[in-house]
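Reviewing the structure listed below.
We name chains A, B, ... by the order of the sequence lines, and we start the count at 1 in each one. What you see is a predicted model, and the numbers here were worked out from it, not measured in a lab.
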Amino acid sequence: MLGVVVSQQLEFPKGANPCLRQYNYIGGGGGFKNVVLTTLVYLTEEDDCPFHSREQGILKDRLITSNTETWQNIPDFHGLDRIGGVDLSYVKEDDTSACASLIVLSYPDLEVIYEDCQMVTLDAPYIAGFLAFREVPSLVEAVKRLQEKDSRLMPQVLLVDGNGVLHHRGFGVACHLGILTGLPTIGVAKNLLQVDGLENNESHRGQAKELQSSGDFFYLEGSSGNILGAALKSSQKSVKPIYISVGHKISLETAVKLVHSCCKYRVPEPTRQADIRSREFCVKTTNEKQMPQD
DNA sequence: GCGACAG
DNA sequence: ATCTTGTCGC
């Protein structure tokens, strides 16, 4: 590591390629002392991405992992009217194109009241532990569009495909999106990310098997002693649990109850609708492009 | 070479 | 994430 992050303001040049990021560091070489150096860094698979790790660490300091909204402490979540879900669907054979979607559902009816699907260009590759650098820019844009189009429909909490604090450095995509938007967020993953000693081993699968009815869950405690998330049997039919972790501005206990309350199937309705609709839009748009004679 | 690897 | 058939069950 060449230096220390000097600037905690993570303002990047407007319209800059999110994959090519600019960091300010303290440099001390060549007779200069304490000069601020600007370093341009791409996210690549060749190293452990120390710069992006550092950026996650800076943003993590702003994370709030407890309830901040009044409805979160009310048993039936009275006061919660709108819940959002986000997802990206990828174009096959093209790792730079995707459809980003933001769906808002009424609560507790779970009817779709807002849908935004948009084809986007991705700037960063997928690297485990750095999913947010690939997906979050398009999602922030979607939230901004909603803010401008009809801010009354802004969701009061956002479910995100992927993890929150259940992450290599405790700052997954759900946390990242929460910090960048200021919205309460929850991470919902379909597979256990094996970090901090957590393993999808015989012991874990044994615990999962003990989950009897819908709503049963167990906490995921890492080797560090931290409770990183929960494995939830989200519907009566599903055998494989889903993995809930705090993103931002909500407690794990509340997050688990809330996610379960919007599960008609294994995947909670907000992210399920985002997934279905973004995939649909992606296929439709890709076909139109191939057959312009229509 | 082998296992891991959110999406 | 995506590539993919059939099959079991309601």
Side-chain angles (χ1 to χ4, degrees), chain A residues 18-19 43-49 52-53 56 85-102 117 119-140 142 158-178 185-202 204-205 220 222 228-232 234-248 255 259 264-268 270-272 274-283 285-287:
Chain A
C19 182
L43 183 63
T44 62
E45 293 131 9
E46 272 100 59
D47 53 30
D48 59 353
C49 310
H52 295 80
S53 298
Q56 290 174 329
V86 291
D87 190 36
L88 264 75
S89 286
Y90 294 91
V91 176
K92 59 177 180 181
E93 314 262 310
D94 180 356
D95 48 3
T96 61
S97 296
C99 172
S101 71
L102 166 61
C117 293
M119 293 308 295
V120 296
T121 301
L122 303 171
D123 302 285
Y126 170 68
I127 300 173
F130 301 94
L131 175 64
F133 291 91
R134 181 165 169 82
E135 296 199 342
V136 133
S138 320
L139 298 177
V140 171
L158 215 42
L159 303 197
V160 183
D161 241 309
N163 292 298
V165 299
L166 173 48
H167 178 266
H168 308 66
R169 288 161 296 282
F171 196 75
V173 63
C175 302
H176 210 126
L177 186 60
T185 55
I186 301 170
V188 183
K190 293 179 283 293
N191 295 291
L192 176 65
L193 185 58
Q194 307 194 148
V195 294
D196 195 15
L198 293 172
E199 274 187 289
N200 184 17
N201 54 19
E202 209 45 63
H204 177 82
R205 288 192 294 270
L220 300 163
L228 301 178
L232 169 73
S234 53
S235 72
Q236 197 52 256
K237 288 178 68 177
S238 59
V239 177
K240 189 175 173 177
I242 56 175
Y243 298 93
I244 315 296
S245 57
V246 169
H248 188 43
V259 168
K264 294 179 180 171
Y265 308 100
R266 178 174 176 247
V267 174
T271 40
R272 183 171 165 272
D275 180 79
I276 292 170
R277 289 160 191 255
S278 66
R279 196 196 322 298
E280 232 165 47
F281 188 89
C282 188
V283 170
T285 308
T286 307
N287 289 344

Checking the side chain of [X] only, and the main-chain atoms of [Y] only, is there a donor and an acceptor separated by less than 3.5 Å?
X: A:Ser101; Y: A:Ala274; result: yes
X: A:Gln56; Y: A:Gly129; result: yes
X: A:Arg205; Y: A:Asn200; result: yes

Find every protein N or O atom lying less than 3.5 Å from an N or O atom of nucleotides 2-5 of chain C, and list the pairs.
| unit_1 | atom_1 | unit_2 | atom_2 | d |
| --- | --- | --- | --- | --- |
| C:dT2 | OP1 | A:Arg279 | NH1 | 3.1 |
| C:dT2 | OP2 | A:Arg279 | NH1 | 3.1 |

Plane angle bin for A:Phe130 and A:His52 - parallel if under 30°, tilted between 30 and 60°, otherwise perpendicular: perpendicular

Checking all strands, does [X] fall into the base, sugar-phosphate, or nothing category for heavy-atom contacts under 4.0 angstrom?
X: A:Gly129; result: base
X: A:Asn163; result: base
X: A:Asp87; result: sugar-phosphate

Heavy-atom contact window of chain A on DNA chain B, given 5' to 3' at under 4.0 Å: B:dA4 to B:dG7

Rounding to an integer number of angstrom, what distance separates [N] and [M] when you compare their [atom1] atoms?
N: B:dC2; M: C:dT5; atom1: P; result: 29 Å
N: C:dT4; M: B:dG3; atom1: C1'; result: 25 Å
N: B:dC5; M: C:dT2; atom1: C1'; result: 15 Å

Test log, rule ring pair (Phe, Tyr, Trp, His ring centres under 6.0 Å), inputs A:Tyr243 and A:His204: CA-CA 12 Å; A:Tyr243 298 93; A:His204 177 82; 5.7 Å; yes

Within 45° cone of A:Tyr90 ring axis and under 6.0 Å: A:Arg279 NZ or CZ: no

Intra- and inter-strand pairs of DNA chain B in dot-bracket (Watson-Crick or G-U wobble, both distances under 3.5 Å; | for another strand): .......

Qualifying residues under side-chain hydrogen bond (donor to acceptor under 3.5 Å, both in side chains), relative to [X], sequence neighbours excluded:
X: A:Lys190; result: A:Asp161
X: A:Arg266; result: none
X: A:Asn191; result: A:Lys240

Under the side-chain contact (heavy atoms from CB on, under 4.5 Å) test, which residues partner [X], sequence neighbours left out?
X: A:Leu193; value: A:Asn163, A:His168, A:Val195
X: A:Arg277; value: A:Ile103, A:Val112, A:Glu115, A:Cys117, A:Gln273
X: A:Leu131; value: A:Tyr126, A:Glu135, A:Val173
X: A:Glu93; value: none

Between C:dA1 (P) and A:Ile276 (CD1): distance, integer Å: 12 Å

Protein-nucleotide distance (A:Arg134, atom CZ; C:dA1, atom C1'), rounded to Å: 8 Å

Protein and nucleotides 7-10 of chain C: nitrogen or oxygen contacts under 3.5 angstrom:
none

Canonical and wobble pairing (Watson-Crick, G-U, under 3.5 Å) of DNA chain C, dot-bracket with |: ..........

